[in-house]
Number of protein chains: 2
Amino acid sequence: MSKCEQCIIRQLNSIKHLSREELVKMTNCKTSRVVKKGEAIFEEGERLKGIFCIKEGVCKVSKMSENGRNQIISLVTRGDLLGERSLISDEASNLKAVALNDMQVCFIPKEEILKDLSKNPNFTMSVLKDMAQTLKQADNVIVDMAQKTVKQRLAETLLKLLDKFGTNAENTIDIHLSREDIANIIGTATESAIRLLSDFKKKKIIEFKGKDISILDRNELDKIAQGF
Amino acid sequence: MSKCEQCIIRQLNSIKHLSREELVKMTNCKTSRVVKKGEAIFEEGERLKGIFCIKEGVCKVSKMSENGRNQIISLVTRGDLLGERSLISDEASNLKAVALNDMQVCFIPKEEILKDLSKNPNFTMSVLKDMAQTLKQADNVIVDMAQKTVKQRLAETLLKLLDKFGTNAENTIDIHLSREDIANIIGTATESAIRLLSDFKKKKIIEFKGKDISILDRNELDKIAQGF
DNA sequence: CGGTATCTTGATTGGTATCAACTTAAGTGG
DNA sequence: CCACTTAAGTTGATACCAATCAAGATACCG
């Protein structure tokens with residue numbers, strides 16, 4: 001079993017504030033797990049027994065709306081923690097997490113995390129800061145959803161994806177999302193997203209390589225996102 | 001100066017987890033302030049030097065969108081804390097808070113709160129729980145904004161307002177919001193909100209007493225909110 | 001009492017959802 | 001290797017919803 005003390009991923013999140021001693025304990029109680037593309041890490045309504053630390057891969061975190069459509073709330077990647085909130089508020093998860101590609105995640109049992117939270121103020125403060133940050137972003141998303149058009153949101157989403165995942169050898173955004181996934185991020189019907197993507201392509205703002213998207217005119221996307 | 005130890009409001013939020021000693025210190029450094037209706041407690045972009053504890057009254061917390069419209073993110077009332085997030089993430093506030101009626105608020109300096117956070121795990125944990133809860137609600141709002149129609153959102157908002165503020169002697173929702181405020185909560189143009197309110201009135205789901213709203217058929221609003 | 005803000009309604013335009021049909025891509029089993 | 005199945009992507013036509021502009025009504029305030 002690989003040791004948390006030696007894990008590089010740890011440096012990327014709040015776990016970096018744990019002491020050597022705490023890390024040793026964590027190594028002893030954590031379990032590793034491989035999650036295949038498309039597989040769920042947890043379901044909406046499930047009671048989580050711990051949190052997940054993403055070692056490799058990306059997953060979409062989503063929530064079902066009352067009308068039966070799926071809304072993707074965030075994309076969680078290498079170095080992120082997943083499930084702290086449900087654990088802290090001690091409620092069933094309100095979200096579902098599904099792997100977008102093959103993943104490696106570590107599972108850390110609830111008791112261990114709660115113990116660390118109660119004994120290590122630096123750790124707690126770090127989690128608190130993360131959460132404050134997430135909340136701020138959530139506010140921004142609310143404003144965008146409430147006041148921007150689908151076209152603006154699509155442009156913005158493409159830019160965010162580019163910044164978060166960068167580009168691969170073919171110059172396409174280095175994460176494969178289906179058209180439906182994209183629609184579920186911006187909160188629209190799949191056909192609408194497709195139509196707008198198609199518009200962007202005609203205007204040479206983006207192009208397709210296979211199904212993947214390559215951004216040609218970042219500047220123009222910026223303008224569209226801001227409403228021109 | 002009134003004493004935090006004896007303040008009833010304290011029981012309503014995380015401050016209840018502070019020790020007697022900590023409360024005495026807080027009494028000595030806090031300041032009280034009256035905020036008139038329409039006045040701002042703080043502005044977007046302002047660097048807060050502490051947090052606010054709402055003793056009396058209600059304020060709207062909002063954010064300007066890039067297209068120049070105002071989105072109300074939440075309504076903060078008696079017993080709530082305000083400004084913890086900016087303080088924790090140590091950034092300028094991303095939000096603006098404006099009084100909806102005359103308010104009494106206490107201001108607690110940053111240093112005092114940070115000291116309590118670093119020394120009292122119960123307090124920190126309580127703040128953390130609050131924030132996890134807020135984040136969960138934010139997720140719900142995102143889904144609603146992304147996927148519900150304006151009509152659904154209006155119905156939902158009316159129900160939430162009713163639950164949060166109750167009714168007064170005239171059986172109207174016990175908080176006065178302008179039509180514009182309502183529109184800014186549901187994220188639509190003022191005229192659209194007015195039109196839909198007018199529809200609801202015609203269908204005898206609500207009625208107006210002056211400008212205030214009285215809910216006649218809660219059941220019907222529930223149905224509309226869920227998409228029928 | 002005039003001026004201003006808020007509220008209200010109508011007409012028009014544009015954006016988005018929905019339904020339906022078709023294409024392409026990716027398996028799967030004979 | 002081909003025929004079949006299924007999922008994903010694409011496009012057009014239509015109808016509905018909501019934003020915007022314009023104009024009038026009502027309440028509020030100095």
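What you are looking at is a predicted structure, and each value in this text was computed from that prediction instead of being measured. Quick note on labels: first sequence line is chain A, next is B, and so on, each numbered from 1.
Contact annotation: A:Ser198 reaches the phosphate of D:dT11 (side-chain N/O to OP1 or OP2, under 4.0 Å).
With contacts defined as side-chain heavy-atom distances shorter than 4.5 Å, the pair A:Val150/A:Leu196 qualifies. Annotation: side chain of B:Leu81 is not in contact with side chain of B:Val76 (no heavy-atom distance under 4.5 Å).
To the nearest angstrom, P of C:dT6 lies 16 Å from CG of B:Leu197. In this entry the distance linking CD of A:Glu180 with P of C:dA25 reads 20 Å, nearest Å. Going from atom CD1 of A:Ile206 over to atom P of D:dG9 covers 13 Å, rounded to whole Å. Counting to the nearest Å, the P atom of D:dG9 and the CG atom of A:Leu177 are 10 Å from each other. Here the C1' atom of nucleotide C:dT9 and the CG atom of B:Asp199 are 12 Å apart, to the nearest Å. What separates CG of A:Asp181 from P of D:dA8 is a distance of 10 Å, to the nearest Å. A straight line from CD1 of A:Ile194 to C1' of C:dC19 spans 14 Å, rounded to a whole angstrom. Regarding B:Arg179, its CZ atom lies at a distance of 13 Å from the P atom of C:dT6, rounded to whole Å.
Comment: A:Asp90 engages A:Lys110 in a salt bridge, judged by a side-chain N to carboxylate O separation of less than 4.0 angstrom. No salt bridge links B:Arg85 with B:Glu91; every basic N to acidic carboxylate O contact stays at or beyond 4.0 Å. A salt bridge links B:Lys148 to A:Glu66: at least one charged side-chain nitrogen sits closer than 4.0 Å to a carboxylate oxygen.
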Nucleotide pairing, DNA chain D (Watson-Crick or G-U, distances under 3.5 Å), in dot-bracket with [ ] and |: ||||||||||||||||||||||||||||||
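For B:Lys209, the NZ atom is densely surrounded, since the number of other residues' heavy atoms within 6.0 Å is greater than 12.
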Reading nucleotides 17-30 of chain D 5' to 3', which nucleotides get B (base under 4.0 Å from a protein heavy atom), which S (sugar-phosphate only), which -? -SBBB---------
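For residues 176-201 of chain A, every residue pair satisfying the salt bridge (Lys or Arg N to Asp or Glu O under 4.0 Å) rule, not counting sequence neighbours, is listed here: A:Lys60-A:Asp181.
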With side-chain hydrogen bond (donor to acceptor under 3.5 Å, both in side chains) as the criterion, how do A:Asn140 and B:Lys63 come out once you've worked through the C-alpha distance, each side chain's angles and the decisive distance to 0.1 Å? CA-CA 8 Å; A:Asn140 290 334; B:Lys63 183 171 161 57; 3.2 Å; yes
If you apply the rule side-chain hydrogen bond (donor to acceptor under 3.5 Å, both in side chains), what do you find for A:Thr172 with A:Asn168, and how did you get there? CA-CA 6 Å; A:Thr172 65; A:Asn168 58 22; 3.1 Å; yes
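For the pair B:Lys202 and B:Ser178, both in contact range of DNA chain C, the more 5′-proximal nearest nucleotide belongs to B:Ser178.
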